[in-house]
Amino acid sequence: MLDINLIRENPDIVRDSLEKRGDVEKLKMLDELIEYDKNWRQSLTRLNDLRHRKNMITSEIAELKKKRKNTKEKIEEVDDIAQKIDVLTGKVEKYRENTDNILLRLPNLLHDSVPMGKNEKDNVEIRVWGKQPKFDFKPKSHLEIASDLGLIESERAAKAVGAGFFYLKNELVLLDLAIQRFAISFLMKKDFTLVEPPYMVNRKAYEGMIGDPFDFAEASYKIEDSELYLIPTAEYPLGSMFIDEIFELQDLPVKLVGVSACFRREVGTHGKYMKGLFRTHQFNKIEQFIVCTPEQSWDFLEELQRNSEELYQELGLHHRVVSLCSGDMTAKAAKAYDIEVWMADGEFRESGSNSNCTDYQARRLNIRFREKLGQAPAGFVHTLNNTALATSRTMIAILEQFQQRDGSVVIPKVLRPFMGGIERIG
RNA sequence: GCGGGGUUGCCCUAGCCUGGUAGGGGGCAGGCCUGCUAAGCCUGUGGUCUUUACGGGCCGCGCGGGUUCAAAUCCCGCACCCCGCGCCA
């Protein structure tokens with residue numbers, strides 16, 4: 001959520017950012033918001049005037065009562081004002097509701113360094129690491145590899161659950177776990193605190209983290225008969241751990257590594273790449289999450305990025321880093337990098353995403369920090385989240401990049417200690 | 001699931017029975033007095049509106065309703081926390 005004061009004082013900054021995102025609809029909403037806010041403030045002033053008059057008379061009544069004098073006239077007068085207050089209150093609330101609804105839907109301000117662009121085609125490649133694997137045979141897709149090795153059941157999953165779910169078996173399960181253990185060890189060495197969060201959050205937490213609440217219904221799995229939702233990423237419960245908290249300066253930054261399953265409905269992704277494990281309703285992910293001061297967040301964005309890239313490098317996976325362009329940026333992010341890993345059909349595809357959400361989530365969730373002990377909070381913290389490794393997409397890359405002519409797959413050295421020394425599957 | 005206790009500003013706490021300006025302490029900030037291991041005193045302290053505020057107003061006691069001229073206080077509903085009991089892998 002943006003600071004309403006920023007919108008009042010510098011609407012052009014907000015407008016420029018929305019134009020850069022190419023979000024015509026939100027530009028219109030911004031103008032509406034400014035109008036609603038103006039009306040809200042005007043009618044609030046009038047309402048407060050009426051309340052003031054009512055309070056004055058009320059205390060006069062208290063005085064009269066003390067002196068045992070007649071209060072009938074005053075009470076009639078106050079009844080009259082009370083009616084006007086009722087009417088005006090309804091108006092004020094309506095204006096406020098309208099501003100709030102729009103405010104919640106406006107995306108974060110973009111950082112100056114975000115490249116201009118319309119969609120993912122305009123993302124800017126920053127680095128490519130490793131060499132494209134060369135095969136002297138026709139490489140298979142991960143789904144073929146895993147099926148041929150008896151490591152995956154998709155048709156049976158469709159019977160038991162539905163499309164987009166999978167049973168993993170034997171070495172593929174071990175690989176999944178090894179990827180998680182590897183990423184966890186790596187990040188714990190870098191002073192991240194390991195957290196297994198709840199796999200469900202309540203509505204306030206979900207809406208606070210997501211950005212535009214409009215996306216909410218499409219993104220979330222709701223638990224029937226409760227206000228609980230399956231998490232789409234550990235980021236959600238990690239961030240909402242700190243709802244309404246005030247951090248002391250010396251307790252920042254908070255560096256967390258979350259380990260969890262993630263659940264996504266993937267509504268509205270028709271036409272996108274769907275093959276095999278790439279887009280599933282459930283997958284496991286190791287997530288980096290940071291809470292810090294506004295001064296620290298841009299350095300941490302780069303630090304988180306280095307961590308992710310090191311993980312891919314240690315795995316030996318050919319990948320590239322792109323800076324997301326203005327049109328491809330999620331609502332909550334001020335700036336984001338994606339890591340795209342190479343797949344055997346010759347494409348780089350997103351396997352992780354690193355975002356600085358600045359104070360956008362913190363303002364919604366009321367997470368603040370204090371500059372000095374005993375003082376009132378100085379402002380909102382900044383939050384960042386970055387995939388360390390999502391097991392499904394990392395497994396795709398491992399299976400496809402390290403496949404052999406005989407159908408077997410060589411396991412990256414760094415993972416072997418975490419899977420009982422297995423060097424090769426198949 | 002049942003019973004009991006609780007939720008007050010940056011923190012702690014009083015006020016609730018018996019409705020009438022949210023009081024005290026701590027911390028923090030500023031000021032005053034003083035001068036020797038220091039201490040004392042005063043003022044301020046949340047959000048918001050008033051274009052700016054010397055100022056003024058409104059809101060704010062877990063959340064949402066209700067009663068009332070007036071609600072932290074009374075009534076109803078809900079959430080969360082603590083204790084005990086029950087159930088449970």
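Side chains are part of it too, since the values below use all heavy atoms of this structure and drop only hydrogens, waters and symmetry mates.
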Side chain proximity check, [X] to [Y], heavy atoms < 4.5 angstrom:
X      : Y      : answer
A/E235 : A/K332 : yes
A/L149 : A/E171 : no
A/D176 : A/F283 : no

Between atom [atom1] in [X] and atom [atom2] in [N], what is the gap in whole Å?
X      : N     : atom1 : atom2 : value
A/N202 : B/C78 : CG    : P     : 18 Å
A/F380 : B/G47 : CZ    : P     : 10 Å
A/R203 : B/C78 : CZ    : C1'   : 17 Å
A/M56  : B/G56 : CE    : P     : 13 Å
A/D3   : B/G47 : CG    : P     : 12 Å
A/L50  : B/C49 : CG    : P     : 19 Å
A/N5   : B/U51 : CG    : C1'   : 13 Å
A/W40  : B/U50 : CH2   : C1'   : 11 Å

(message) How close do A/C357 and A/N108 get, counting heavy atoms only, and between which atoms?
(response)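 Minimum heavy-atom contact is O-ND2, 3.1 Å.
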
Base-pairing assignment for [N] (Watson-Crick or G-U wobble, both under 3.5 Å):
N     : result
B/C59 : B/G46
B/A79 : B/U7
B/G1  : B/C85

Using the [atom1] atoms only, state how far [M] lies from [N], rounded to an integer number of Å.
N     : M     : atom1 : value
B/C74 : B/C61 : C1'   : 16 Å
B/G62 : B/A22 : P     : 15 Å
B/U21 : B/C76 : P     : 25 Å
B/C75 : B/C85 : C1'   : 29 Å
B/C32 : B/G24 : P     : 24 Å
B/G86 : B/G4  : C1'   : 15 Å
B/G9  : B/C28 : C1'   : 14 Å
B/A38 : B/G44 : C1'   : 25 Å

(message) If you assign each of A/R53 and A/I4 to its closest nucleotide in RNA chain B, which residue comes earlier from the 5' end?
(response) A/I4

(message) Heavy-atom nearest nucleotide on RNA chain B for A/I246 versus A/S59: which residue maps closer to 5'?
(response) A/I246

(request) Just call it for A/R8: base, sugar-phosphate, or nothing, with non-hydrogen atoms closer than 4.0 Å on any strand. (result)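 It contacts sugar-phosphate atoms only.
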
(request) Verify the contact: side-chain N or O of A/R51 to OP1 or OP2 of B/G57, cut-off strictly under 4.0 Å; return yes or no. (result) no

(message) Just N and O in the side chain of A/N55: are any of them under 4.0 Å from OP1 or OP2 of B/C59?
(response)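 Checking A/N55 against B/C59: at least one side-chain N or O falls below 4.0 Å of OP1 or OP2.
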
(request) Drop me the distance from A/I411's CD1 to A/I398's CD1, to the nearest 0.5 angstrom. (result)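 Between atom CD1 of A/I411 and atom CD1 of A/I398 there are 6.5 Å.
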
(message) Rounded at 0.5 Å granularity, tell me how far CD1 in A/I223 sits from CG in A/L230.
(response) 4.0 Å

Between protein and nucleotides 62-69 of chain B, what N or O pairs are separated by less than 3.5 Å?
none

(request) Mark yes when over 12 heavy atoms from residues, nucleotides or ligands other than A/E302 sit less than 6.0 Å from its CD; otherwise mark no. (result)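 Enclosed: over 12 neighbouring heavy atoms sit under 6.0 Å from CD of A/E302.
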
(message) Classify the ring geometry of A/F278 against A/Y273: parallel below 30°, tilted from 30° to 60°, perpendicular beyond 60°.
(response)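 Geometry flag for A/Y273 against A/F278: perpendicular rings.
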
(request) State which of B/C49, B/C10, B/G57 makes the closest approach to the side chain of A/R370. (result) B/C10

(request) Among B/C10, B/U50, B/C59, find the nucleotide with the atom closest to the side chain of A/P377. (result) B/C10

(request) Could you check A/F263, A/Y206, A/Y229, A/F289 and say which one makes a ring-ring contact (aromatic ring centres under 6.0 Å, His included) with A/Y236? (result)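 Among A/F263, A/Y206, A/Y229, A/F289, the one meeting ring-ring contact (aromatic ring centres under 6.0 Å, His included) with A/Y236 is A/Y206.
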
